[in-house]
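What follows is a short report on a single structure.
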Amino acid sequence: HVKHHGKNDIVLYHPSFQQQDFERQLAMSFQSALQNGEFYLCYQPKFNLRTNSIDSAEVLVRWDSPIHGAVSPAVFIPAAEKNGFIFDLTKWILEESCRQMHHWVQTDHPIKRIAVNISAPLFLSDRLPEMISKILKDFHLPASHLELEITETAIMEHFDEAFQIIALLKKKGIAISLDDFGTGVSSLTYVKKLPIDTLKIDKSFIDGVHTSFEDKALVEMIIQLAKLFKLSVVAEGVEKQEQLNVLKKLGCDSIQGYLISRPERPEALSLYKDRSKYG
Ligand code: C2E
Ligand code: CA
Ligand code: CA
Ligand code: CA
């Protein structure tokens, strides 16, 4: 019976089935992974082109699983968003990174601010402001040391709720970045209406900023837009000096990417080597 259907019979091995199954397997390991200390945090510096120095860093979570190996956050974060684990995970990420930031404050470290990625389900649940207030208090950390990166998709379908939450966080003194900027559909509307601080230009535009006239024009437009609304602007995924040269000419405020540093564990961060060539 099977042989009459030929190759169409392997429908069970369709990637989406495999992926769903893999995500389910990951999800089953989440809680024990958190308890066993399999998650850890890396920090990727942001280089400020106005002051020629590293002044902040994005927090990026990593998972070394004894069962699944090193799993990319691009894979396990969506799974954690689907099964609700993202709440516990982000609480842990906020605690760990605020502990680290508190230590950096005490040692007068160059990194003065950490930026934590916040997934849509947590952001929109309205549990975030309270969670953050408690953690800042527990770690004796002023709110000015914390920034949140949220994506456009998080606010797209629930604009009014998102607006309220952003306004509340702003009132507490927490800075807000709009991540992956330019990839959503109605970016312009949000910039006008939301009380945010920073636009992060998506890497997909930065990739061609030094080679493509169109990409350069788009990036220039975003930078001008940011200026108009008195927002700062960060370019993500900067890998080449040529990209940096263009971004400097266009008046970009800060850059982030492998050119400056990969995401590193705190003890591996090197912030003191010669940065004069970027200035
Ligand atoms: P994202 O927030 O857009 O983070 C930027 C991603 O680009 C990171 O990948 C970073 O390692 C990578 N990157 C930075 N500079 C360069 C560069 O110059 N070249 C290239 N090729 N890549 C660069 P990563 O760490 O694998 O994270 C992927 C995504 O997973 C993040 O995208 C974010 O959406 C999510 N994610 C990572 N950590 C967290 C977290 O702690 N919480 C949440 N909610 N999401 C996270
Ligand atoms: Ca981010
Ligand atoms: Ca991003
Ligand atoms: Ca991106």
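Atoms within each ligand, like the ligands themselves, are counted from 1 in listed order. For reference, positions follow the sequence shown, starting with 1.
- Ligand 1 lies within reach of Glu58, whose nearest heavy atom is under 4.0 Å from it.
- When the heavy-atom distances from atom 30 (O) of ligand 1 to Ser261, Pro263, Pro73, Gly257 are ranked, the shortest goes to Pro73.
- With Leu89, Asn117, Val61 as candidates, the residue nearest to atom 43 (C) of ligand 1 on a non-hydrogen basis is Asn117.
- For the pair Arg62 and ligand 1, a heavy-atom separation below 4.0 Å is found.
- Distances from the Ca ion (ligand 2) show that Asn117 has an N/O/S atom below 3.0 Å.
- When heavy-atom distances to ligand 1 are checked against a 4.0 Å cut-off, Ile93 comes that close only through its side chain, counted from C-beta outward.
- Side-chain contact between Phe85 and Ile77 is absent, with no heavy atoms from C-beta onward closer than 4.5 Å.
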Would you check, one step at a time, whether the test side-chain hydrogen bond (donor to acceptor under 3.5 Å, both in side chains) holds for Glu264 with Gln44?
-> CA-CA 6 Å; Glu264 302 278 7; Gln44 187 179 35; over 6 Å; no

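- Distances from the Ca ion (ligand 2) to each N, O or S atom of Glu149 single out OE1 as the nearest.
- Residue contact annotation: Lys203 has a non-hydrogen atom under 4.0 Å from ligand 1.
- Phe76 and Phe22 have their aromatic ring centers separated by at least 6.0 angstrom.
- Polar contact with ligand 1: present for Glu239 (N/O pair, distance under 3.5 Å).
- Between Glu149 and ligand 1, no pair of N/O atoms sits closer than 3.5 Å.
- Among the atoms of Glu236, no N, O or S atom falls under 3.0 Å of the Ca ion (ligand 2).
- Only the side chain of Asp179 comes within 4.0 Å of ligand 1, counting heavy atoms alone; its backbone N, CA, C and O stay farther away.
- Proximity to Ser119 (heavy-atom distance under 4.0 Å) selects the following atoms of ligand 1: 44 (N).
- The pair Lys203-Asp180 fails the salt-bridge criterion, with no side-chain N (NZ, NE, NH1 or NH2) lying under 4.0 Å from an Asp/Glu carboxylate O.
- At a 4.0 Å heavy-atom cut-off, ligand 1 touches Gln44 through the side chain alone.
- For Arg265 and Tyr43, the positive end is not near the middle of the six-membered ring at less than 6.0 Å and at most 45° from its axis.
- For Ser177, the side-chain hydrogen bond (donor to acceptor under 3.5 Å, both in side chains) criterion is met by Glu147, not counting sequence neighbours.
- The minimum distance between the Ca ion (ligand 2) and any N, O or S atom of Glu58 involves atom OE2.
- In this structure, Lys46 does not pair ionically with Glu58, as no charged nitrogen and carboxylate oxygen lie closer than 4.0 Å.
- A salt bridge is defined here as a Lys NZ or Arg NE, NH1 or NH2 lying under 4.0 Å from an Asp or Glu carboxylate O, and Arg24 with Asp21 meets this definition.
- In summary, the aromatic rings of Trp63 and Phe30 are positioned with their centroids under 6.0 Å apart.
- Taking backbone and side-chain atoms together, Asp180 has no N/O/S atom less than 3.0 Å away from the Ca ion (ligand 2).
- For Asp180, every heavy-atom contact with ligand 1 shorter than 4.0 Å involves the side chain, none the backbone.
- Between Lys216 and Glu220, no side-chain nitrogen of the basic residue sits less than 4.0 Å from a carboxylate oxygen of the acidic one, so the salt-bridge criterion is not met.
- The nearest N/O/S atom of Asp179 to the Ca ion (ligand 2) is OD2.
- With sequence neighbours left out, the side-chain hydrogen bond (donor to acceptor under 3.5 Å, both in side chains) criterion links Lys193 to no other residue.
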